[in-house]
2 protein chains.
Amino acid sequence: MPDEQVMSVVRRLSSRHPLTHGDVDALCDIPYVTRTHDASAYLVREGEPSRDVCSFVLSGLALGQKSTSAGARQIISIHMAGDFLDTQHLFLERADHNVQALTRLETIDFSRRALKRVLLERPGIVQAMWIDALIDASICREWIVNVGARRGISRVAHLLCELAVRFERAGLIRDGVFEVPLTQEQIGDAVGLTPVHVNRSLKLLAAEGLIQRDRRKVSLSSWTRLREVADFSALYLHETTAPAE
Amino acid sequence: MPDEQVMSVVRRLSSRHPLTHGDVDALCDIPYVTRTHDASAYLVREGEPSRDVCSFVLSGLALGQKSTSAGARQIISIHMAGDFLDTQHLFLERADHNVQALTRLETIDFSRRALKRVLLERPGIVQAMWIDALIDASICREWIVNVGARRGISRVAHLLCELAVRFERAGLIRDGVFEVPLTQEQIGDAVGLTPVHVNRSLKLLAAEGLIQRDRRKVSLSSWTRLREVADFSALYLHETTAPAE
DNA sequence: TGCGGGGGCTAACTAATGTTAATGTGAGGC
DNA sequence: GCCTCACATTAACATTAGTTAGCCCCCGCA
């Protein structure tokens, strides 16, 4: 009988591509452990050999990030409950970015070797997992657009829109309110702005009545107008089940 | 006997992961046609269903790009001889970005359905192709850093470094000189700057003696110093065979 | 309860980049 | 061989975003 933790992995993969009973059984046979990481612990370091595990987030948030020689940090991905952490390194020998826990983080760590073996034997799992990795890459492309082609306030708004949609899907929103557990400096690192300018932008979004804030809790007062400012379209998230408007 | 065009695909995939004779035979059995696209022709359009072919570039350059509602265009990838064009949409139902020929472009177009079937039957090909897609995604991450965390002149320098390494690998460099077939406006669209600022930056790089320019022909006068300005490290390209320094 | 520190907030100033617009220049068409 | 057009170049000016710095507030901790 599969345990509940592995079932959340199965649910995720099934949402990407249908799995057979055999697929599910094979997944359940992969050796794994669950782990807890403290906030700000590093799971993966740029330049080091890929880990011998592949992690799936059960709770908490993690960040992907790289640094420049000038000391600037760029956040390149945000991972939440229900996301894999290592799909981008699954078949690469060396990590090209860091992965760091943002909050206390619970993960399932599968044996990478066993996972790869199962993948290569099972077309359904290959497709599900590959699709998952492709969607990560699609998000990455949208981030290039966000950071390269939009002005400050839109970048911040776009990040909020993306988090709202993804948190909603992950069940992290209660009564329209969600917590963005990023400091304003970290938001800046994600969208390519300084903390001061992030502050200005958030203040402006609130003043325009698009969002409401209380410390790090955010609620979206006008989804329509926020989307507009953010130039947000959920197409790039490739959700098969359309999220509520 | 496999023809020369398909062999260039085999070479590419073999460089990612070893293929068996059976893998090669299977690849050669996939139905394909070769096509020529005029400069600036669209191959893929954002929002449309994925094409029923998967293309591999034989010659010419292609761009991946998205637009914002404000009318700005962001180039998100550059594809040259030896690159696949569709790995990012292979298992997705809808295109999330445009793919456009930058120059006259020759491609091999494989039947997507047949390619997927062969992939799912052959672990070696899955790995080779998946690795190829993962490296595309790694480049994408570095582009986020470039556009989000570096100042103008470094962004331009970084793009030149990347093109130099990739062109070298694709055999497009003669006597240290290569042609960047992008207008300065297009360079700007790739690195998130206006054409005026790209011009300023190129002029400055030339004045500092890091590059030499003659129209769109570029040669790197000081690879070491250019790398330094660009904050360039080739790690993210995941080349297994290290390129000459 | 007092302290210490991190993060939020704001202001004043600076620097980087964008905008607009005018001019130059080379390549291809007729 | 000239015209035309797209692109490159440059300058002057406008705007956005970065920098520096100080204060405040909340929270955890002694």
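Naming: A, B, ... by sequence-line order, numbering from 1 per chain. Computed over heavy atoms, backbone and side chain alike; hydrogens, waters and symmetry mates excluded.
- Across the protein-nucleic acid pair, A:R215 atom CZ and C:dG7 atom C1' stand 8 Å apart, rounded to whole Å.
- For the side-chain contact (heavy atoms from CB on, under 4.5 Å) with A:L63, the qualifying choice from A:V99, A:N98, A:L182 is A:L182, the only one to do so.
- In this model, the phosphate group of D:dT9 is approached by a side-chain N or O of B:R213 to a distance below 4.0 Å at OP1 or OP2.
- Within residues 197-205 of chain B, the residues approached by DNA chain C to less than 4.0 Å at the level of any non-hydrogen atom are B:H197, B:R200, in residue-number order.
- Rounded to whole Å, atom C1' of C:dG18 lies 9 Å from atom CZ of A:R151.
- Within 4.0 Å (heavy atoms only), B:G188 reaches no atom of the nucleic acid at all.
- Taking OG of A:S221 as the start and CD of A:E208 as the end, the distance is 11.5 Å to the nearest 0.5 Å.
- Summarising the geometry, the separation between CD1 on B:I153 and C1' on C:dA16 is reported as 12 Å, rounded to the nearest angstrom.
- Rounded to an integer number of Å, the gap from CD of A:E185 to P of C:dG6 is 11 Å.
- Among the protein residues, B:R155 comes within range of no part of the nucleic acid, since none of its heavy atoms lies under 4.0 Å from any strand.
- In summary, B:R150 and B:E142 engage in a salt bridge, as defined by a charged side-chain N under 4.0 Å from a carboxylate O.
- The pair B:R169-B:E239 meets the salt-bridge criterion, with a side-chain N (NZ, NE, NH1 or NH2) lying under 4.0 Å from an Asp/Glu carboxylate O.
- Counting non-hydrogen atoms under 4.0 angstrom, B:T194 reaches a base of the nucleic acid.
- In this structure, OG in A:S233 is found 7.0 Å from CD in B:E46, a value given to the nearest 0.5 Å.
- The separation between B:R216 atom CZ and D:dA6 atom C1' is 9 Å, rounded to whole Å.
- Of the residues near DNA chain D, A:V196 and A:G152, the one whose nearest nucleotide (by heavy atom distance) lies more toward the 5' end is A:G152.
- A donor-acceptor contact closer than 3.5 angstrom links the side chains of B:D109 and B:S55.
- One end of the helix from C:dT1-D:dA30 to C:dC30-D:dG1 points its axis 40° away from the other end's axis, with each axis taken from 5 pairs and the angle rounded to 10°.
- Between the CD atom of B:E179 and the P atom of C:dG26 there is a distance of 16 Å, given to the nearest Å.
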Go through B:H158 and B:Y236 one step at a time and tell me if the ring-ring contact (aromatic ring centres under 6.0 Å, His included) criterion holds.
CA-CA 12 Å; B:H158 194 279; B:Y236 74 97; 5.8 Å; yes
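- A salt bridge does not link B:E106 to B:R35: none of the charged nitrogens lies less than 4.0 Å from a carboxylate oxygen.
- Atom pair A:L182:CG and C:dG6:P shows a separation of 18 Å (rounding to whole Å applied).
- Residues A:V9 and A:F56 meet the side-chain proximity criterion, which asks for heavy atoms closer than 4.5 Å.
- Taking atom CZ of residue A:R150 and atom P of nucleotide D:dT16, one finds them 18 Å apart after rounding to whole Å.
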